[in-house]
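A short write-up of the structure that comes next.
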Amino acid sequence: NGHVLDTYFTRCIYCGRINASYLQRPDPDLPICVERTVLVWLPLAFLWLCAPWGFTTLCKKPAKAPLSKLYICKQVVAGLLLLTAIAELPLTLAEDYGPSSDSTAQKHPVVLYANPVLFAVSWVVVMLCQECVRRRPRSVDSGSLFMFWLLQVLCAVFQFQTLLRDEEIDDLPRFCLFYISNGLQLIALVLSAIADVSPENPEAKATFLSRITFSWFNSMLIKGFKRPLVQEDMWDLNEKDSTQTICREFEDIMAKELKKAHSRLQKKQNKRKTKNDHQSGLAKGVSQDVLVMKEKKKKKKKDSESDYPNSWLVPTIAKTFKGVLLETALYKLIQDILAFASPQFLKLMISFTQDKTSHAWTGYLYAVLLLVVAFLQSVILQQYYNRCLILGIKVRVALMAAVYKKALVVSNDSRKESTAGEIVNLISADAQRFNKVTNVLHLLWSYPLQIALAIAFLWIELGPSVLAGLLVMVLMVPINGWLATKSRGFQVENMKFKDTRMKIVNDILNGIKVLKYYAWESSFEAQVQEIREKELKVMRKFAYLSSVSTFIFSCAPAIVSLATFAVFVSVSPDNILDAEKAFTSISLFNILRLPLTMLPELISIMVQTTVSKKRLEKFLSGDDLDTMSVTRDDSHSKNSLLIILFSVSLDIKPGRLVAVVGAVGSGKTSLISALLGELHSLRGRINIKGSVAYVPQQAWIQNTTLKDNILFGSNLDEEHYLSVVDACALGPDLDLLPGRDQTEIGVKGINLSGGQKQRVSLARAVYSSADVYLLDDPLSAVDSHVGKHLFERVIGPKGLLKDKTRILVTHGISFLPYVDEIIVLVNGVVSEVGSYDGLRASKGAFSEFLETYGKDETQESDYEQIDTLPEGLEPQADDSLEDIVSSTLKRENSLRHSQRHSKRNGSVRVRKNSSVRSKKDSGDKKGQRLIEKEAMETGRVKFSVYLQYMRSMGWCFVTWSFLFYFIQNVAIIGQNLWLSDWTDDSVEYFNTTYPAHIRDMRIGVFGALGLAQGFLVFFGTILIADGSISASRTLHTNLLSNILKAPMVFFDTTPSGRIVNRFAKDIFTVDEMIPMSFRSWIFSILGVLGTLFVICLATPIFIAVVVPMAVVYYFVQRFYVPTSRQLRRLDSVSRSPIYSHFGETISGLSVIRAYGHQQRFLKQNEDTIDQNLKSVYPWFVSNRWLAMRLECLGNLVVFFAALFAVISRDSLNSGLVGLSISYALSMTQILNWLVRMTSELETNIVAVERVREYAEIKNEAPWITSNRPPDDWPTAGNIRFDNYKVRYRPELELILHGITCDIASTEKIGIVGRTGAGKSSLTNCLFRIIEASEGRILIDGIDISTLGLHDLRSRLTIIPQDPVLFSGTLRMNLDPFEKSSDEEIWTVLELAHLKDYVRGLPTGLQHEVSEGGENLSVGQRQLLCLARALLRKSRILILDEATAAVDLETDDLIQNTLRTEFSHCTVLTIAHRLSTILDSSRVMVLDFGQIVEFDSPSVLLNNKQGHFYRAACLESHVK
């Protein structure tokens, strides 16, 4: 006992008196010794541990931070605290050893000397820490200092209450010092919660307290609650969150990882090669057949193996974001450990209610501790989620930017492997999958950890019986594995169908005009629907598989607990299940429930991501464009089978104008591509001196203003700009545009005519002031006199480019005498090079070429001899350039007008800020914008949208699945009440044997209720799966059929990106996201109701708390939802431009590369993504803000359930207390889940709203009406226009003013007129692309407005200006309905001069045409369109400038075929070159929408004052 006395004595010497333990009485207290040591040292230890982290900034050069008032206040308070600590030391010394001290009295304990010293040192540390915070760049406050002050104040509370309990004050000076220092500490705590700076983004100025509760977000929520948020309300991004910063890090690491992967692949290929060599040595004697068989097998196997560097993407992501990954891992670890504290407190609570002798304060203490632990858990969990979600977004952004960057440099071989649709899918679907997987990445180790901890704690409770439950779990793993493998297969299949479907949809949108002309919509609709059905079939299999896994995992907790409890009570009669064991176990099983339920989902997410990983790795590791034209090894020879150019050697001197001529398919465009480095070079090299400008054959126009299209990122030099506009004959066009050069051009230049697009494209090249100009036939799409103007003023020897090197691909013979050199290509070989006269004299291929076409032209032009021009005509070449733009813009005005009228109530349309305009344009000129910013619904998602979705599902499915889920929930509550009842047996059969029959009954009922849950969930899930698939089908079908029935004006004014977005992202949401969130929402709502029911059943007083909490919940939810929903919509709307810009870039790749503007486009892509991020980040924070508040509500539910259990412990049995609190503990999770699901459901249902928006567009006239024409109509082909007037919209000007004329059967009519005179409108009216506003058109006596559109359009034929082909086989392009036999198709191919070409293809008619017909030359595409027309055999043919884009030889072929094959038809030809219509029966001259002349060409040429004569003069002069 001496030892004990000694320790007791030393403690007394150190910290003074020890008060008797106060813990064994109703009002507890702590020993003074503890108050003076532990409670003092605890906060100081925390401070000293954290201080070194802060001190690192003291060593660095200080950031320029001003001394703010707040900083000075903080330092003053710390200084005063230092003084109080110093003052306490002399005071103690004076009392012990001063003159007035009593030498006999007992001296003060050591602690009173030690503590002031510790405090003094600590306050100095605090002052240093505050200086560190000031020096740290962009730092607002210190979280560790705030925590220190908080701990300090909390620990002082105990000393306070001890002082308050003392009746009299022994030591007045020390008493005063204590109060002063505590007051100062309180002030310091308040000051540490205030921020020091005020930058733009509130997150940057948020204090520690505000950061952990997300209160800094309040301002955004208040704004969103008052009015719908718009993009301008979004805060600027922090620098570290911007796309540029994220990508820089990612790309550096990606380059290193790719290098490693390439070397791994190289080794693998070398190994395979040596192995193959070895085998081929052995196989010499084997017969040939066997070898062939083996080869085939090997080939199959090789295809399946990856022939690209793999397994580098995940390490890249891990290394780029390792900091955040480690930080989130730490949060998750702490949270997981805290999760297991609650069941221990629950155990203590139950033992407290059983032990009636324990003091009431212990119960209250447990209740408070439960609250504190729950609050800590909430804070850490929300921080974890926030960082994980932001990490997910960063990964998505890094991948999107990487794919975009790759697309800019990818070689053409690699590019052929994936279509534009597939590449867009990489940035939409695949990057999104990675985003999702990073959110749940840590669960891969966290779930197994949770399972392990739960089992350990269960072992403590129930001993080895847990192994029975564990065994059940282990048995589920292989089942799970099997399900995952199956799911993966379905997923891959599904992605394939998705890609194919998107490819066709893309095609449809690109060629919609042709589909309408040919009435082919239904064929393409059937194609898409067929693929969609396959896709849905796979989805159904996937859904059924998911139902099985849902069944297994909803049974899991019930079966596991059943197995465990059954074994526990059966092993020994002494084992009786009491409340403490049962409910602690149940709450541990509840913790187990989430990992077990989520593991399958986690695995399926992982599975989907591996598919995406492969697709991304394949694309990102593809070959880049060979900037050095380096030769490659033989393994790539498969790409170079098609050698387009053979051994071309050219040397072009600076400043020369070189023309490249040759027949269709001779390799002219390929030569230009080779010069741009776009072709795969097998050997040799190309050297170009200086910068390059490129004008492609088909102009590429961006969706931006006309001016920006010309400047193309260069700085504005007003004088140069104006001279370029003038030289490219764009002046008159600008006068017609309402916004002049600030007018916005639609996607793909939709509101410009073909000629204007080409002139803008040329102007872009000229403005760029490059050294070398590659001009790929820029003059073909313009009228001949405009062509002359462009040649003279721009390209020719006296043009703007006279000192530059120009390579001009041309079909126009008239320009050849003026060029310095001519290159003649024949079948990819340079046959001759020389000057015009030299080549003519040499009598080679060129002179033959000239003979043929020169002669044709002279024969055709009777007026060739007119050599004098009427005065004043020539300089006015621009006069006749009035353009289709005027009519288009009139159409736009009306579009704007009607859109303004058709706004739905409450809908907001936000207009994009256009660039700064000059003063005179500042008025809002109507029609300046063709493309409105995407309309965006605001306010709550209307209930009708939910109803529509449920209607699409089918009410039967909805009702039954809800019923099943409801009964399942009843079964869960029943099972738990049964368990609570079971635990009361431990009291009833205390110290007696537990009867076997009661035991068996308990186990039997418990198990039956568990199994019932599983089956009910299974049926519910299957019903929801079936319903959601039926909804997916209905919504997609409505969307598709309505888009195809939309009038042409809709496609002119809607960027295809927006429509694609509906088919890709929104349909994906409808297919995959909505069913999941709908199911989870039903689960959560029933879970919350069940929990509240059980707690109220146990402690009815709880109802008093439920009502106010429900009110708070409702208001928090209502306050949050408007902002969250609007942020989500802003996200959707700001995401479309990312895809549009992406699509635009891919279609203009060669132009962007030629000009070397990759960096500018990368920057633009980054800005577009940043705009999107501005609404994505706040959306995540809004979710955390809400979760934080709801978790606090949930924590209060736990607290009150525990509190009321303590208050009414005398009337409650322990079973009910256990049930009530264990239910309350799961409340936070369910509440959180409910809100997440509610907002997710509302977010996702927006997709239905967006799909519905496009499924309700006003349709054009019906395709088929009751008034059907005879089968052989039109038999004669007579056309009669009767006072025909047309306007684009009811409120617009007329574009055709009362056209009246008769066209007899088999007449050949040429239609001419300046651009915008109404030529194309006239043909559009025949097809009713535009409807009449007055008058009518009769074909063979039938008024066409009475017929269905398909009946009308399928009987007419048009060869349009732009040859549009669809991806698919050649046969499908000619005959999508498969009505013709192969013989007929070969016949028309022969007539179209394509038979030899198609015969030469390995697959013949089944040859795959790539997207947009990219793998055929423009001339070949035009000939295919001719073949289409021949196959239709209709009596009326319209040629819309059909030969503008082909060379003279092809033109000749086409004209001959037209003369012979369509001699029995009525032919209307819109002509660019008058020579093509000189053999017409009559020529119709249009001007300003009226017929000004209509007679035979010879009559019109004799009328010297006529329009036709004037145009003929101009053209002959050009010639």
Side-chain angles (χ1 to χ4, degrees), residues 339-340 342-344 346-351 354 447-477 479 552-597 599 972 974-1011 1013-1014 1214-1215 1218-1219 1221-1222 1225-1226:
F340 287 94
S342 302
Q344 301 311 310
L346 171 66
K347 186 177 176 181
L348 293 169
M349 279 298 293
I350 294 173
S351 68
Q354 282 173 337
Y447 281 165
L449 174 73
Q450 287 179 35
I451 293 172
L453 282 173
I455 290 167
F457 280 114
L458 280 164
W459 186 284
I460 297 168
E461 292 303 323
L462 303 171
S465 323
V466 175
L467 294 175
L470 192 58
L471 184 70
V472 176
M473 284 187 204
V474 171
L475 286 176
M476 285 175 182
V477 174
I479 302 175
I552 292 173
F553 286 94
S554 41
C555 285
I559 297 174
V560 169
S561 45
L562 170 73
T564 312
F565 291 154
V567 171
F568 178 71
V569 293
S570 312
V571 171
S572 135
D574 303 337
N575 285 356
I576 293 183
L577 203 59
D578 58 12
E580 207 173 306
K581 279 190 168 54
F583 287 105
T584 309
S585 306
I586 283 288
S587 61
L588 286 166
F589 280 134
N590 273 343
I591 291 179
L592 262 183
R593 191 181 202 131
L594 187 70
L596 284 181
T597 320
L599 264 179
I972 294 179
Q975 194 187 23
N976 284 326
L977 286 171
W978 181 259
L979 182 66
S980 161
D981 205 41
W982 185 354
T983 59
D984 294 342
D985 291 355
S986 64
V987 182
E988 203 173 318
Y989 297 101
F990 191 60
N991 282 342
T992 59
T993 317
Y994 193 37
H997 68 280
I998 292 183
R999 181 193 68 200
D1000 296 343
M1001 178 192 68
R1002 292 289 191 202
I1003 293 172
V1005 174
F1006 187 81
L1009 286 168
L1011 273 174
Q1013 290 170 39
S1214 53
L1219 184 62
I1221 297 177
S1222 66
L1225 281 171
S1226 64

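By convention here, the first residue in the shown sequence is residue 1.
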Sequence neighbours excluded - salt bridge (Lys or Arg N to Asp or Glu O under 4.0 Å) pairs with any residue from residues 552-569 = none
Phe565 side chain near Arg1002 side chain, heavy-atom distance below 4.5 Å = no
Heavy atoms only: give me the nearest Phe1006-Trp978 pair and the separation to one decimal.
-> N-NE1, 3.8 Å
Ser585 side chain reached by Leu462 side chain, heavy atoms, under 4.5 Å | yes
Which heavy atom of Ile1003 sits nearest a heavy atom of Val569, and at what distance?
-> CD1-CG2, 3.6 Å
Given side chain to side chain contact (heavy atoms under 4.5 Å, CB included), test Ile972 with Asn976 step by step and report yes or no.
-> CA-CA 6 Å; Ile972 294 179; Asn976 284 326; 3.9 Å; yes
In Å, rounded to the nearest 0.5 Å, how long is the span from CD of Gln344 to CG of Leu588?
-> 6.5 Å
Do the non-hydrogen side-chain atoms of Val567 and Val571 ever get within less than 4.5 Å of each other?
-> yes
Close side-chain approach of Trp459 and Ser465, heavy atoms under 4.5 Å = no
Between Ile455, Leu449, Leu453, which is the residue that forms a side-chain contact (heavy atoms from CB on, under 4.5 Å) with Ile451?
-> Ile455
Compare every heavy atom of Gln1013 with every heavy atom of Gln975, then report the nearest pair and how far apart it is.
-> OE1-NE2, 2.7 Å
If you take all heavy atoms of Val472 and Ala563, which pair is closest and at what distance?
-> CG2-CB, 4.0 Å
